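Note sheet for the following structure.
The basis for the numbers below is simple: all heavy atoms, side chains too, and nothing from hydrogens, waters or symmetry mates. Keep in mind it's a predicted model, so treat the numbers as computed, not measured. Numbers restart at 1 for each chain; the letters A, B, ... are given by sequence-line order, proteins then strands.
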Protein chains: 2
Amino acid sequence: MVTMGDIAIKVGVSQATVSYVLGGRAARGKVSPETRQRIVKTARDMGYQRNQFARAMVTGKSRILTILTAPDHSENQSRILAGAHEAANQNDYLLKVQHISTSFMDEATVARLLEWRPAGALMLGLEEPLQDELYAKLNAWGIFLTTVDNARQYEHSLHVTSDNESGIWQAMDHLIALGHRRIAFLGGRPNILSLDREHSFRTRLVEAGLPVVESWIRQSSWSNFEVIAENAVAILESSVGRPTAVVCASDTAAMVVLRIARAHGLRLPADLSVTGFTNSTLSAVADPPLTTIEQPFHEMGYAAAMYLVQRAESPETAEPLLSPLLLPTRLIIRESTAPIS
Amino acid sequence: MVTMGDIAIKVGVSQATVSYVLGGRAARGKVSPETRQRIVKTARDMGYQRNQFARAMVTGKSRILTILTAPDHSENQSRILAGAHEAANQNDYLLKVQHISTSFMDEATVARLLEWRPAGALMLGLEEPLQDELYAKLNAWGIFLTTVDNARQYEHSLHVTSDNESGIWQAMDHLIALGHRRIAFLGGRPNILSLDREHSFRTRLVEAGLPVVESWIRQSSWSNFEVIAENAVAILESSVGRPTAVVCASDTAAMVVLRIARAHGLRLPADLSVTGFTNSTLSAVADPPLTTIEQPFHEMGYAAAMYLVQRAESPETAEPLLSPLLLPTRLIIRESTAPIS
DNA sequence: CTGAAAGCGCTAACAA
DNA sequence: TTGTTAGCGCTTTCAG
């Protein structure tokens, strides 16, 4: 491939001058507009492309962001990744996706991480002990960390998530407005995220003066349909009677509830209103189509990566954004909710 | 970070010797076992990590694979990516995911690609004109290309896909064994992949001596539910009567058919058998759970990336695997298919 | 068996 | 306004 030296020779100028011009630092070298033009044109003609390796070598900065994640093949994760990719691309960074297990990171993976000298790291979808461990390690290595979605807020890191509390409230306000008073909650896996949502649910129930029925409040799983189904059945067959609405912490859970409810002979949504959480593509084809809460996954990934880039470029200037960044959710009304009959 | 030089000083040996040992080329330098041990131990104690940038600079090889893809947030794509990541990781390569649109790649994206001097490229989920264009470009740049899933076979590239023909046959053999003779086909977007499946469908129909009913054979979309629904309706309301089974080219299409069929008052699977294609996570929670064809997406991504690594490491030795690599599919029988009544 | 030295392509300080 | 120069950390010849 053509190098700056090649261009320098062709133009009849020193290689340093070419570096100034193509690096956008022409002012430093105070290169004349004419030579600048000639260099730029020659570079294009010759098909010059910067060499990120050489750049990284000499500057000591890698322009690489690493995202540590346990792949779950979910649309959510995919959207977060796409957002992070967009931010990285816009800033000429490379996003290195490093797949690890949810609970464990071995030596070889550490090596694969450090060998590329990442300028920052994102963390996504891991279990809490591993999150803590990685936070400590990255800190020790001097790599700034951003956590996305389900995670704790660490002292020296940024946590980006959607505004789960207001999301739950949006769902509940909608149901309450429809006249529901007997409302159940079906969570996902009982981690920080799902417990947060349960907490918001309880708070809103109390605020609205509605009954808090323990047997209608259950955690289950994000992805294991059997576990979700068991809990859905438990709610619908509760000895204290049936709720008229179920707030779910995921679209998956909501779809399972729909199915179980139909199996119980309930008419949907006349006999039971159900809300999801996420607005996944499938929520629109559920039967009936799901009323749900949209989460800004793409924006979350984008914001997280963007912050890392900023921090890498100017550590001083980086805003000390060390409380969680909450991105807004949105209520999507479809056909799985109806006025109480 | 600690460099080879630091280790060399500590051990009291030259930096070149350290390079030999840590690079696994101790034999080249004929380093004694004792110094070897000391170097390895010191490296570990000091927390040495190779610098991929320096390595790339001097060897002129990047250990980076680029995957050009239009993100569609599908589980399929996610699995392919995971497979490619696994292969890359195993070989100490970095997989750079480069998101582009399905139909167009601009100058800036080209730059972001070339700046990292990829040792190979994968292509995934793009429209055919863009595929052709990229193939030509990559060839000109001397970057070997591997295409995955929906793509043409190019002269100087490897195409990895699942064995779509045998997949369709597996579905049809199953239906035929259940006594079905009036079988319809609902495809996805009419691209290479979906047309291939339609072709296999027709072939098998003829082989089995079954009627080829044109109004029962339709292409639609992979993801647009309205378009799928229209075509499903067209099949079920065909003027020549209703089929007793529908072979779908995707699980999504199959789930839409299920819904439309129920809306038409059909009992499932008694009145209509439906097969999907992919074995997505959701196919197991469809109502009724889908009989479908499993595709080895992870393996496809893995094989594609693995081949690129092999080729990058030893261009001479690389097997001239220039006909499509077809990975086997598998029939998953669930409850959306039943004997003809 | 080990070391000295060249050089990969670039940035940035310093000279002219 | 431009050029010279010194590395960045490593691999790899070539000498000992």
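- By the 30° and 60° cut-offs, the orientation of the rings of A/His99 relative to B/His85 is tilted.
- Minimum heavy-atom separation, B/Leu122 to B/Leu308: CD2-CD1, 2.7 Å.
- The heavy-atom pair separating A/Asn150 from A/Gln131 by the smallest distance is O-NE2, 3.1 Å.
- Between the P atom of C/dG9 and the CG atom of B/Leu114 lies a distance of 15 Å, rounded to the nearest Å.
- The separation between B/Arg25 atom CZ and D/dC10 atom P is 11 Å, rounded to whole Å.
- Each of B/Ser14 and A/Val18 lies near DNA chain C, and the nucleotide nearest B/Ser14 is the one positioned closer to the 5' end.
- For the pair A/Arg79 and A/Glu75, the salt-bridge criterion is met [side-chain N within less than 4.0 Å of a carboxylate O].
- Sorted by first and then second residue, the salt bridge (Lys or Arg N to Asp or Glu O under 4.0 Å) pairs with a member in residues 99-111 of chain A form an empty list; sequence neighbours excluded.
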Polar atoms only, N or O, under 3.5 Å: list the protein pairs with nucleotides 14-16 of chain D and their distances.
none

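- Comment: A/Asp45 engages A/Lys41 in a salt bridge, judged by a side-chain N to carboxylate O separation of less than 4.0 angstrom.
- Closest contact between the side chain of B/Ala16 and the listed nucleotides C/dC1, D/dT12, C/dA12 involves D/dT12.
- Residues B/Pro118 and B/Leu113 share a closest heavy-atom pair of CD-O, 3.3 Å.
- Seen from the ring of B/Tyr20, B/Arg25 does not count as a face-on cation partner, given the 6.0 Å and 45° thresholds.
- The list of salt bridge (Lys or Arg N to Asp or Glu O under 4.0 Å) pairs with a residue in residues 112-123 of chain B, not counting sequence neighbours, reads A/Arg50-B/Glu115.
- Contacts with DNA chain C (heavy atom under 4.0 Å) in residues 2-12 of chain A: A/Thr3, A/Met4, listed by number.
- Contact annotation: B/Ser32 does not reach the phosphate of C/dC1 (side-chain N/O to OP1 or OP2, under 4.0 Å).
- For the pair B/Gln15 CD and D/dT11 P, the interatomic distance rounds to 8 Å; values are reported in whole Å.
- Remark: aromatic rings of B/Tyr135 and B/His156 are distant, center separation not under 6.0 Å.
- Annotation: salt bridge (Lys or Arg N to Asp or Glu O under 4.0 Å) contacts involving residues 129-149 of chain A, sequence neighbours excluded, comprise A/Asp132-A/Arg152, A/Glu133-A/Lys137.
- Remark: B/Tyr48, B/Asn51, B/Ala54, B/Arg55, B/Met57, B/Val58, B/Thr59 in residues 43-60 of chain B come within less than 4.0 Å of DNA chain D through at least one heavy atom.
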